[in-house]
Amino acid sequence: MKTVINEQERRNFAREVESKLHDKLAKCYQCGKCSAGCPVNFEMDFTPNQIIKMTELGMADKVLDSKTIWLCVSCNTCSTRCPKGFEVAGIMDVLREIAVNRGIESKTEKEVQTFHEVFLDNVKSNGRIFELELVGKYKLKTKHLFRDMFLAPKMIEKGKLKIHSDRVSNINQIAKIFKDFE
Amino acid sequence: MARIGVFVCWCGSNIAGTVDVKKVAEEAAKIPGVVEAVDYKYMCSDPGQNTLRKMIKEKNLTGVVLAACSPHMHENTFRKAAVKEGLNPYFIEIANIREQVSWVHEDKEKATGKAIDLLKMMVEKVKKNKPIEDVRVPLTKKALVIGGGISGIQAALDIANGGVEVILVEKEPSIGGKMIQLDETFPTLDCSSCIMTPKMVEVYQHPNIKLYTYSELEEVSGYIGNFNVKIKKKARSIVEKDCTGCGDCWNICPMHKNVKSEFNVNLSERTAIYVPFPQAVPLIPVIDRSVCLHFKKGGKCQKCYDACGPKCINFDLQDEIIEEKVGAIVAATGYDLMENSLYGEYGYGKFKDVISGLQFERLLSASGPTEGVVKRPSDGKTPETIVFIQCVGSRDPEKGVPYCSKVCCMYTAKHAKLFAHKVHGSQSYVFYIDIRATSKGYEEFVRGTMENEGAIYLRGRVSKIYEDNGKLIVKGADTLSGNQVEIAADMVVLATGVIPKKGSDKMAQMLGISYDKYGFYTESHPKLRPAESSTAGIYLAGMAQGPRDIPESVVSGSAAASKILGLFSKSEYEVEGTIASVNKTTCVGCFYCKRVCAYSAISKEEIKDRNGNVLKVVANVNSGLCAGCGACVNACFSKSIDLKGYLDEQIFAEIKSLAV
Amino acid sequence: MKLAYYPGCSLKGTSFEYEVSLLKILEALNIEIQEIPDWNCCGASAAHSLNHNLSVALPARNLAIAENNGFGEVLAPCAACSSRLKTAKYEMGSDDILKKKITDSLEMPYSNSLNISNMLEFLINVAGKEKIKSLVKKPLSGLKVASYYGCLLVRPPKVMKFDDPERPVTMDELVALTGAVPVDYSYKTECCGAINSLSKPDVVMALTGKILYDIKEHGADLVVVACPLCHSNLDVRQREIERKYAERIGLPVLFITELLGLAFGFSPEELAIGGHMVNADKVLKKIS
Amino acid sequence: MENNIVEDVQNAQGDKEYPAGGAKGEDKDKEPRIIAFVCNWCTYNGADLAGTSRMKYAENVRVIKLPCTGRIDPLFVVEAFKKGAKGVLVSGCHPGDCHYTSGNYHSRRKYTAFRDLLSYLGVDINRVEFSWISASEGNKWVSVINEFTNKIKSLPGSSDIFSKK
Amino acid sequence: MEKMNDKLQNIAKKLLENKEVNLIIGFTKGSNPLRMRSVFITEPNDVSKLSFNAHCVQDLAVFLKKPEVKKFGKIGIVVKGCDEKAVNTLIQEYQLSRDNIKIIGVECRGVVKQNLADKGEDAVKQSTVYDKCLVCEVHTPLLYDELVESDEPAFEINGDIKPYAKIEELDAMSVEDRNMFWQKEFEKCIKCYACRQACPLCYCTRCIVEKNTPQWIETNIEETGNAQWNMIRAYHLSGRCIGCGECERACPVNIPLMLVNEKMARDVFEKFGYKSGIDINAKPVFGTFDANDFNEFIK
């Protein structure tokens with residue numbers, strides 16, 4: 001578990017995260033309240049407070065390839081209870097974004113990453129979510145073709161899955177938003 | 001016409017080595033108004049001072065300038081010498097040609113030139129000097145102590161033992177403060193009441209102490225040596241002098257349910273007529289009119305009245321206002337604990353077995369609601385596992401306060417220790433962030449709790465508490481192992497942070513002392529004047545200043561007392577005469593001066609005509625309070641306020657002397 | 001004031017029951033709403049997970065359209081949508097540069113003035129408790145109802161500014177108005193894991209299972225929610241959870257609008273309660 | 001010992017003539033006059049410390065002592081300029097250390113606005129310097145004086161609205 | 001307009017009749033219809049003199065500092081939003097008691113520049129009003145006892161005219177150029193003190209310029225003294241000036257005084273987040289401090 005700190009890299013990474021987060025990593029005093037209340041902590045490889053410290057120490061490789069950042073369900077329990085008002089959930093967003101920008105594919109939590117990507121593709125092409133297409137594409141990409149399969153017929157029967165998509169009519173504007181911010 | 005004498009000191013070679021002192025004296029003699037200019041080897045020596053005195057007398061000098069070392073060295077020496085010849089001491093000015101010239105410059109020519117400049121500045125200044133009389137303030141040698149907790153008690157006793165009269169005002173029906181609610185005290189584990197009650201009794205019996213309990217400060221005016229205070233003595237409904245404290249009244253009171261005992265922090269009930277605890281001082285009950293049936297039901301119930309042998313219950317008693325004049329005040333108003341209900345995630349108020357540290361003290365105490373047996377408030381069962389959570393509200397800028405409450409680490413360690421002593425085979429878990437145990441014997445104490453009593457310390461906070469089948473499921477983090485832990489506890493004790501007593505900001509405003517953003521009173525200087533408030537004559541003690549433990553509170557009480565005894569050792573209080581004064585003719589009453597005055601030394605004064613009609617309102621400087629900083633002078637647009645000794649005119653003269 | 005309605009994708013798809021019941025009770029309350037013209041997906045959790053700016057820009061388009069159509073108040077019944085809209089408003093309110101970038105991209109003027117309400121806020125503030133109470137024709141006496149708030153209605157408090165984040169009461173108050181008995185339990189604001197429903201089903205089932213079994217233990221007859229994602233996890237995945245933990249739950253999960261609808265006297269059919277995966281018939285017999 | 005000193009002094013005095021009034025005379029353009037308004041408790045003591053430590057610094061500064069930064073009226077700066085000072089230094093206790101608790105805070109506010117005003121009216125703001133120098137910062141006093149003196153010397157001989165034509 | 005005048009007169013009448021005030025200071029039509037002047041009314045029957053229009057330029061709050069006016073005790077005053085801020089500041093600075101003043105606020109849509117009005121200009125638009133009207137945030141007064149709403153529409157601002165544009169220009173100049181600019185302006189000063197007389201906030205009974213021990217400001221008419229006078233006045237108004245522009249209007253030699261006052265107001269707001277005349281209970285910016293105040297210029 002030894003880490004040799006490279007000062008320049010440490011600063012660069014910490015600064016990048018801080019500027020995107022609009023918050024200071026040094027605010028965290030490692031009380032662990034975020035980790036204690038995290039509902040998905042049991043699956044994580046690093047606790048949220050460890051992620052914060054590791055980011056401060058510039059351990060970009062470990063942090064950006066951690067399970068933690070993809071397992072976070074953005075429930076905001078951590079940020080809400082943080083005694084220092086640190087954006088704990090926010091740093092997970094920032095780290096995910098940096099990971100994607102750096103082209104890092106999560107080794108362990110590929111599904112989560114893929115789901116988000118497929119979801120955004122769906123928004124990009126329709127402006128709204130077409131659930132059947134979303135599920136289909138996701139399953140095709142992850143090859144989890146049969147997972148949850150038993151739910152589908154009943155959902156269609158109940159009218160929960162629509163066969164046709166509802167598109168935004170001014171789809172050009174959606175395309176522009178994606179172009180401007182992607 | 002000014003008659004200025006100039007004395008240039010050589011300071012051996014210290015000055016004369018770099019500055020041509022003869023030349024300086026020669027140049028000085030040419031300045032208009034200078035009647036004599038001499039140089040001398042050591043001006044501060046006896047012969048030097050004698051030369052000065054002789055010259056003042058012979059030449060009938062109206063002002064003296066010494067070109068010598070820093071005024072911080074010998075200004076006083078020369079002033080004293082001048083006074084002996086009948087010259088007002090403020091007619092002595094010093095041109096600092098040693099620290100500012102000879103010691104810091106090497107070029108003799110330039111150094112001499114600068115020395116002449118500095119001398120000229122002072123000559124011009126002294127020409128504009130005016131005599132200043134130091135202000136003498138009479139002292140009323142009586143002290144007021146606000147707050148009857150341990151620090152207030154200590155202050156009162158020390159002052160009283162020094163032979164000075166003390167008035168002690170306590171808001172609650174009994175003195176004793178928070179300390180009397182504690183069980184045993186860290187790190188020695190001596191019982192709080194055992195060491196506290198003798199002191200309380202001593203206060204009660206002391207011939208120099210006048211005790212007003214169930215009383216509040218209503219108004220304060222005046223200044224050091226001369227405060228006028230009004231104390232509201234709330235109606236106890238008891239004729240105090242007749243009461244024997246026998247208890248017949250509170251034993252018969254029918255209101256013995258639903259009124260929570262403040263002393264036992266809501267863990268037990270009390271009657272409507274009650275003493276807060278059996279060792280109360282004075283042992284005189286009080287009727288809580290908000291719950292008493294007599295007051296609520298239109299006088300129907302008077303069971304206590306009937307039971308009272310000496311017939312000292314009087315339902316008609318009213319609040320009384322008592323006026324006192326005192327010379328000094330100690331503000332020892334103490335502290336409160338933070339509201340635990342801020343933390344919804346901990347379920348305080350929802351789960352009966354989540355309690356505060358002070359409640360746990362009461363459960364441990366032999367005089368408490370369970371007579372010292374640790375029992376759960378929910379079902380009376382003895383808990384086997386207790387989780388202690390530190391830093392509840394402390395170090396939490398989001399929901400609580402950012403500062404450390406200082407005592408929680410220690411009292412939690414004490415709680416865990418006492419719990420282990422009382423319940424064999426029990427287990428404590430303590431969630432902490434850092435352990436702060438820095439006084440004598442403290443670190444050893446905490447280590448003992450871990451190593452000898454088996455308390456398990458986990459470094460991390462608790463996020464949430466659930467109830468499950470009569471157990472409290474505590475979900476916390478252990479950041480050292482990097483794990484999320486769940487502990488099934490029987491009871492949870494929150495180490496709640498310390499905040500200033502409710503209303504301490506109002507109290508500070510009434511006293512005219514400054515306080516920080518939390519409401520803690522601020523010291524005059526954080527290091528060198530920790531016992532003094534920002535206002536002369538008002539001293540601070542105890543937790544009202546900030547979190548501190550019992551020994552520190554006692555020390556601060558004694559410190560305040562010794563300051564007051566020192567103050568009262570003189571017959572009058574002397575203030576340097578270099579204070580602000582107002583030109584009331586031109587003052588227009590905008591009171592910017594009042595706004596910037598850190599000493600509340602400026603008040604509004606009404607100027608009236610013969611018929612008593614207010615013509616205008618102007619600023620007035622209270623010489624007892626003014627510290628002479630001059631901030632008011634800067635604040636004044638019309639230049640209607642000036643600072644004696646540093647008049648605008650004098651500063652201008654100094655600048656002008658430098659005109660190039 | 002004109003009230004804008006932002007349905008979001010779920011209400012037009014998997015949670016159509018929510019919209020049906022919502023429209024019914026608004027009709028009863030005599031409140032008129034208008035769908036934001038040509039609204040788009042708020043980006044839900046995917047956008048903020050991958051691209052912060054996009055996560056503000058997508059909801060901003062809806063807000064800008066609503067504002068330019070003269071609306072002052074938006075109802076976003078989906079807790080996730082309301083959270084994204086509120087977050088977008090918050091972010092643009094605190095980051096002028098981002099706001100400018102977004103308005104430039106949208107090519108629409110935008111002043112960030114709209115008030116955004118989630119379903120519960122809307123019912124309490126716009127409809128009002130008095131009015132709701134007055135419309136209760138068929139009190140649901142005897143029914144024990146657990147309110148499940150989840151995350152997005154209350155967290156983070158500085159953005160949502162709604163109820164107590166640790167001990168919320170709004171939904172319980174609404175339940176009480178219907179004559180049903182609110183049931184208190186431990187996991188009211190615990191997360192169901194919604195956003196990873198498809199990608200981490202095991203995790204989600206563990207989280208959702210904990211909540212459902214706790215509600216069951218506290219003796220509730222049914223659960224009410226105000227979020228389609230919560231509903232999906234609690235309702236759609238309930239059978240699977242029962243199978244995984246081999247213990248029956250059988251808790252119907254209703255939208256708060258459906259519960260109010262029942263109390264207002266609408267039939268389960270009118271409220272599309274049949275659209276749920278867990279059958280509510282048995283429980284509803286208790287009140288009929 | 002003492003004799004030596006006296007001798008030294010006498011030798012040093014010699015017959016040299018010093019220009020009357022010190023820095024006056026033809027050198028005055030080369031050696032700009034700097035007036036320092038300092039508080040009695042921190043900066044004045046800091047300057048004394050520089051002296052007792054025998055640190056050396058530029059001779060240009062003339063110190064005017066006031067009780068507190070709170071007493072140093074911004075208008076003194078104007079007066080100093082009018083009387084020919086090329087630079088003005090204002091120095092007092094660090095924030096939080098004011099002997100009178102808040103004098104420096106009040107002054108800081110005023111000087112913030114006053115500087116803006118001066119600059120806006122065409123006064124080279126480089127000519128006014130502010131510093132917090134504590135009683136223990138003799139070295140800081142020296143460096144502030146030296147740096148400020150150098151800065152003043154480097155400034156073009158600009159005129160300002162307060163100097164007579 | 002007529003509706004406004006009616007309402008104004010009714011309010012004034014009621015206040016006088018009920019003895020709520022002893023004097024009302026307001027506007028009345030002058031000899032020239034495009035010049036409004038001040039009027040002092042003590043009799044309910046005289047209220048018909050009261051009138052308001054876009055030529056009511058003067059800040060009547062200036063009269064509140066006069067002893068002749070103070071004598072009346074309870075006073076009612078007609079104020080536009082900008083002028084009302086002067087009333088607020090006077091209350092803040094204890095020159096006026098809130099209990100003794102009835103503020104009759106008029107909603108103002110902007111006032112026409114006097115020089116244009118004198119040429120017959122009557123229309124309120126961005127090219128005819130004072131710069132202060134272009135930056136005005138208080139078309140409706142902040143504090144009032146009675147309010148007379150305007151029945152005129154707000155004029156349009158399309159950004160073509162940049163109010164106080166010279167400030168940015170000056171900011172961008174070199175120190176020497178700024179020095180030149182102001183030297184030229186202050187050269188004109190004849191020390192008539194009209195600026196001071198017109199200012200509602202210059203209420204000192206003995207002005208600093210009249211103090212001679214020491215002499216803060218040279219009284220003879222020479223540039224140094226002139227510059228010093230103008231700079232000290234600006235310094236004394238920093239954080240206080242409410243931007244009514246009366247000083248500049250009163251200046252017989254047309255020194256652009258508002259360029260200084262407006263600049264200082266902007267700086268004070270930027271550095272301390274304070275705007276003057278907004279809140280009668282606020283602490284004046286130079287009567288208080290914050291431990292975290294701007295510190296960057298201090299070594």
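Chain letters run A, B, ... following the sequence lines, proteins first and then strands; every chain starts at 1. Just so it is clear, the values below take in all heavy atoms, side chains as well, and ignore hydrogens, waters and symmetry mates.
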Do the ring planes of D:H106 and E:F289 sit parallel (below 30°), tilted (30 to 60°) or perpendicular (above 60°)? perpendicular
With rounding to the nearest 0.5 Å, note down the distance linking CD1 in E:I298 to OG1 in D:T69. 9.0 Å
How about E:E137: does its CD atom have over 12 heavy atoms from other parts shown lying under 6.0 Å from it? no
Which heavy atom of D:R109 sits nearest a heavy atom of E:D293, and at what distance? NE-OD2, 2.8 Å
Any chance you could lay out the side-chain contact (heavy atoms from CB on, under 4.5 Å) test for E:M231 and D:F114, step after step, and finish with the verdict? CA-CA 10 Å; E:M231 102 131 288; D:F114 178 73; 3.4 Å; yes
If you take all heavy atoms of D:P74 and E:Y235, which pair is closest and at what distance? CG-OH, 3.1 Å
Heavy-atom neighbours of E:K188 NZ exceed 12 at 6.0 Å: yes
Apply the test side-chain contact (heavy atoms from CB on, under 4.5 Å) to residues E:F297 and D:V128: give CA-CA distance (whole Å), side-chain angles for both, the deciding distance (0.1 Å), then the verdict. CA-CA 10 Å; E:F297 65 100; D:V128 197; over 6 Å; no
Option in E:I217, E:V268, E:I167 with maximal non-hydrogen atom pairs under 4.5 Å from chain D: E:I167
If you look at every heavy atom in D:G122 and E:N179, which pair is closest and at what distance? O-CB, 3.4 Å
E:S174 portion near chain D, given a 4.5 angstrom heavy-atom threshold: neither
Ring-face cation contact, D:Y120 with E:R178, 6.0 Å cut, 45° max: no
Tell me, side chain or backbone of E:N261 under 4.5 Å from chain D's heavy atoms, or both, or neither? neither
Give me the atom names and distance for the closest heavy-atom approach of D:E79 to E:Q215. OE1-O, 4.4 Å
At a heavy-atom separation under 4.5 Å, does D:S91 approach chain E through its side chain, its backbone, both, or neither? neither
Engaged part of E:D290 at the chain D interface, taking heavy atoms whose separation is under 4.5 Å: both
Worked verdict on D:L75 versus E:Q228 for side-chain contact (heavy atoms from CB on, under 4.5 Å): CA-CA 9 Å; D:L75 300 182; E:Q228 210 183 351; over 6 Å; no
Closest non-hydrogen atoms of E:V175 and D:V123, given as atom of the first, atom of the second and distance, are CG1-C, 3.7 Å
Taking atom CE of E:M180 as the centre, report whether more than 12 heavy atoms of other residues, nucleotides or ligands fall under 6.0 Å from it. no
How close do E:N295 and D:R108 get, heavy atom to heavy atom, and via which atoms? OD1-NH1, 3.0 Å
So that I can tick it off, tell me whether E:K271 and D:D116 are bridged by a salt bridge, with the cut-off set at under 4.0 angstrom between side-chain N and carboxylate O. yes
Do D:L121 and E:F186 have side chains that get closer than 4.5 Å, going by heavy atoms? yes
What part of D:D73 is in contact with chain E, defined as an atom under 4.5 angstrom from a non-hydrogen atom: side chain, backbone, both or neither? side chain
Which region of E:N230, side chain (C-beta onward) or backbone (N, CA, C, O), has a non-hydrogen atom less than 4.5 Å from a non-hydrogen atom of chain D, or is it both or neither? neither
For atom NZ of D:K151, is the number of surrounding heavy atoms from other residues, nucleotides or ligands below 6.0 Å larger than 12? yes
Can you tell me if NZ on E:K184 sees more than 12 non-hydrogen neighbours from other groups inside 6.0 Å? no
Should D:K110 and E:F286 be marked as a side-chain contact (heavy atoms from CB on, under 4.5 Å) after you check the CA-CA gap, both sets of side-chain angles, and the distance that decides it? CA-CA 7 Å; D:K110 299 199 160 189; E:F286 295 118; 4.1 Å; yes
Of the backbone (N, CA, C, O) and the side chain (C-beta and beyond), which part of E:I208 lies under 4.5 Å from a heavy atom of chain D, both, or neither? side chain
